[in-house]
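The structure appears right after this line, and notes come after that.
What you see below is based on every heavy atom in this structure, not just the backbone, and it leaves out hydrogens, waters and symmetry mates.
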Amino acid sequence: MFISLLPLLVAWASPAHAWAPLASASSASSASSASSALRLPCRGAAAPRGARRARARTPLMAGRRPRPQQQEPRYRDTTPINEEISFEQMRVTRDVPGDADEMLGVMSKAEALAAARAADLDLVLIAAKSEPPVCKIVSYDKFRYTKEKKKKEQKAAASKGQELKELKMSYKIGEHDYEVRKKQAIRFLKQGNKVKFSMLFRGREITHSEVGQKIMLEMAGALDEIGVLDSAPKIMGRQMIMMISPKPTI
């Protein structure tokens, strides 16, 4: 009888048979965890708040396009220069840095172009409606910069419902001319416009800038009742500039 039970005891004592139940239990546990990891939440289950917000916003943000920025149209100057000028006879001036323009007289188009090339400059049409038309020998880049600067000043004044009016004076201005400029300034200021006073010093006249400053400050004092001094007289190259704005009404 002991011999007949021996094979059964050997089978129960073998290691493979001893660990089989544990191995099967472990594999069943891992399969259960894997299936639970792959299991999707049911429709009624509540998701975390942050995850729900991210899920709701992602499609909207992905479909949103950046709003295009509106750019100001670039200023393009159409002033005829050099061979583009159609007139055959013209009155010609030449730009003199820091001084008044030099008058060269009436020339043909060919003569004016030759003078511009000799100075390594451009021939620019200034006044097409004059008789004869007026052209200027000047660097086109300088001409365009000056024109754009003046346009910006006028645009800034127009944005405030104003126009920029320029009045030119001299440090040697007489009493009559002074009164004329004063009356013009009063009219412009009453219309709600801004007034720019300019004074050009030619050659060695720059040494008399103190006299010019005194005249401008005297003009500012005469306009004190209807105008406000925006910019005190200051030297810019060979020019003295002063700005006066209309006094705001209460």
Is the number of heavy atoms from other residues, nucleotides or ligands under 6.0 Å of [X] [atom1] greater than 12?
{"X": "Lys168", "atom1": "NZ", "value": "no"}
{"X": "Met103", "atom1": "CE", "value": "yes"}
{"X": "Arg181", "atom1": "CZ", "value": "yes"}

Only one of Lys194, Met243, Lys247 forms a side chain to side chain contact (heavy atoms under 4.5 Å, CB included) with Val228, so which one is it?
Lys247
Please say yes or no: joined through hydrophobic side-chain contacts below 4.5 Å, possibly via intermediate residues, are [X] and [Y] part of one cluster?
{"X": "Ile186", "Y": "Met216", "value": "yes"}
{"X": "Ile173", "Y": "Leu167", "value": "yes"}
{"X": "Ile81", "Y": "Leu104", "value": "no"}
{"X": "Tyr178", "Y": "Met242", "value": "yes"}
{"X": "Met107", "Y": "Ile126", "value": "no"}

Nearest 0.5 Å, please: how far is [atom2] in [Y] from [atom1] in [X]?
{"X": "Leu223", "Y": "Leu229", "atom1": "CG", "atom2": "CG", "result": "10.0 Å"}
{"X": "Phe201", "Y": "Ile235", "atom1": "CZ", "atom2": "CD1", "result": "5.0 Å"}
{"X": "Glu83", "Y": "Ile85", "atom1": "CD", "atom2": "CD1", "result": "9.0 Å"}
{"X": "Met199", "Y": "Ile241", "atom1": "CE", "atom2": "CD1", "result": "10.0 Å"}
{"X": "Leu125", "Y": "Thr78", "atom1": "CG", "atom2": "OG1", "result": "10.5 Å"}
{"X": "Ser198", "Y": "Met169", "atom1": "OG", "atom2": "CE", "result": "8.0 Å"}

Which heavy-atom pair separates [X] from [Y] by the least distance, and what is that distance?
{"X": "Val106", "Y": "Pro132", "value": "CG2-CG, 4.2 Å"}
{"X": "Met219", "Y": "Phe197", "value": "CG-CZ, 3.6 Å"}
{"X": "Lys182", "Y": "Ala222", "value": "CE-CB, 3.9 Å"}
{"X": "Gly212", "Y": "Met240", "value": "C-SD, 3.8 Å"}
{"X": "Ser245", "Y": "Leu189", "value": "C-CD2, 3.8 Å"}

Exam field: side chain [X] to backbone [Y], donor-acceptor pair closer than 3.5 Å:
{"X": "Glu111", "Y": "Ser108", "value": "yes"}
{"X": "Arg238", "Y": "Leu200", "value": "no"}
{"X": "Asn193", "Y": "Glu163", "value": "yes"}
{"X": "Asp95", "Y": "Ile137", "value": "no"}
{"X": "Asp101", "Y": "Thr93", "value": "no"}

Under 4.0 Å between a Lys/Arg side-chain N and an Asp/Glu carboxylate O for Glu225 and Lys190?
no
Any chance you could lay out the side-chain contact (heavy atoms from CB on, under 4.5 Å) test for Met90 and Leu123, step after step, and finish with the verdict?
CA-CA 11 Å; Met90 58 197 70; Leu123 185 66; 3.9 Å; yes
Go through the steps to decide whether Gln191 and Phe188 satisfy the test side-chain contact (heavy atoms from CB on, under 4.5 Å), and finish with yes or no.
CA-CA 5 Å; Gln191 291 172 352; Phe188 293 149; 3.9 Å; yes
